[in-house]
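Accompanying notes for the structure given below.
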Number of protein chains: 2
Amino acid sequence: MELMQGTLDMLILKILASGKRHGYDISKRILLLSNSSLKVGHGSMYPALHRLEKKGFVNSMMGETARGRSAKFYELTKHGREQVEQEKQQWRDFVAVIDVILEEG
Amino acid sequence: MELMQGTLDMLILKILASGKRHGYDISKRILLLSNSSLKVGHGSMYPALHRLEKKGFVNSMMGETARGRSAKFYELTKHGREQVEQEKQQWRDFVAVIDVILEEG
DNA sequence: ATTCCATGTATCAAGCTTCGATATATGGAA
DNA sequence: TTCCATATATCGAAGCTTGATACATGGAAT
């Protein structure tokens, strides 16, 4: 399944809302939660993470993974926490609008 | 509200499912059905229409509008009618997957 | 008369995102 | 020692949206 432009950032923010994670971990979580239908390559994940950091929605810090590897962890900033809610609502609104057209088109 | 990449084609096909229309008309219909929240500029509409025609989902023919203007009308091909159903189902699947992440993220 | 606006179609450059390839590095298992 | 999973990063290609620009017609208002 293809991911839609703009959707990835929202998913990452939402996943980070439950705690800090590193990029590789976020990719695997999306794969898990989507029942393997959403495969996010690193070529999409890392640019997205850098984008979000640049926008001030996440902070990053080096740390150690559960498997003892060194990795870059990301966590939501206050601004990021607000953004999650906002994007969720926008997504719901968008889906509602598309639904109208899909039913009454 | 921003339209998501790939969504426009589906909306156009769905709107054409109820009968032939011209580009300007489709734009206005999307604006109407979305309660003015989805503004599709001609810079998006015409390339989309040409894209769909190239893919064989629509046919075009010149005709006269209700206001007596000359315009290019588009109608679904058989291939296009199948495509509408397929894209609708893909959209529902996609929304369902996103919902899982938005709820269990 | 003339200006403005809605109706119509079309293309272009800019900007952004996604995707796949590529590079690099570590460490455990076979 | 070879392979795979873990982990980050960047690049070019490809695709879509946006806003600008161009062009043409005709009715309405000043």
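Here the structure is a predicted model, which is why all the values come from computation and not from measurement. Numbers restart at 1 for each chain; the letters A, B, ... are given by sequence-line order, proteins then strands.
- As rounded to whole Å, 14 Å separates atom P of dG8(C) from atom CG of L49(B).
- Look at T65(A) and you'll find a side-chain N or O under 4.0 angstrom from OP1 or OP2 of dA7(D).
- Residue M4(B) is the one, among H42(B) and M4(B), whose nearest nucleotide of DNA chain D lies closer to the 5' end (criterion: closest heavy atom).
- Per the geometry, CE belonging to M10(B) stands 15 Å off C1' belonging to dC16(D), to the nearest Å.
- Computed from coordinates, the Y24(B) OH to dG26(D) P distance equals 16 Å when rounded to whole Å.
- The residue H50(A) sits close only to the backbone: its heavy atoms come under 4.0 Å of sugar-phosphate atoms, none of a base.
- When the C1' atom of dA5(D) is taken as reference, atom CG of L31(A) falls 14 Å away, rounded to whole Å.
- Atom CG of L11(B) is separated from atom C1' of dC16(D) by 14 Å (rounded to the nearest Å).
- Residue K28(A) is classed as a sugar-phosphate contact, given heavy-atom separations below 4.0 Å to backbone atoms only.
- Checked options L11(A), V40(A), L31(A), L16(A); the residue passing with I26(A) is L16(A) (criterion: side-chain contact (heavy atoms from CB on, under 4.5 Å)).
- With salt bridges taken as basic N to acidic carboxylate O contacts below 4.0 Å, one links D99(A) and R92(B).
- For dT18(C), the OP1/OP2 oxygens have a side-chain nitrogen or oxygen of R51(A) closer than 4.0 Å.
- In this structure, H22(B) reaches the sugar-phosphate backbone alone: every heavy-atom distance under 4.0 Å involves primed, P, OP1 or OP2 atoms, never a base.
- Below the 3.5 angstrom threshold, one finds no donor paired with an acceptor across the side chain of R67(B) and the base of dT7(C).
- In this model, the phosphate group of dA9(D) is not approached by any side-chain N or O of Y46(A) to a distance below 4.0 Å at OP1 or OP2.
- Summarising the geometry, the separation between CD1 on I12(B) and P on dT9(C) is reported as 12 Å, rounded to the nearest angstrom.
- Taking every heavy atom of both residues into account, E104(B) and L33(A) meet most closely at OE1-CD2, 4.0 Å.
- Although no hydrogens or angles enter the test, the distance criterion places no donor-acceptor pair under 3.5 Å between the side chain of S70(A) and the main chain of E64(A).
- Within the 4.0 Å cut-off from OP1 or OP2 of dA10(C), at least one side-chain nitrogen or oxygen of K72(B) is found.
- G68(B) comes within 4.0 angstrom of nothing in the nucleic acid, heavy atoms only.
- Distance, R69(A) CZ to dA7(D) P: 6 Å, rounded to whole Å.
- The 12-atom threshold is not exceeded at CG of N35(A), counting heavy atoms of other residues, nucleotides or ligands nearer than 6.0 Å.
- Residue contacts shown for G23(A) are limited to sugar-phosphate atoms, with no base heavy atom under 4.0 Å away.
- Map F73(A) and L8(B) each onto its nearest nucleotide of DNA chain D; the residue landing nearer the 5' end is F73(A).
- I26(B) places its CD1 atom 12 Å from the P atom of dG8(C), with the value rounded to the nearest Å.
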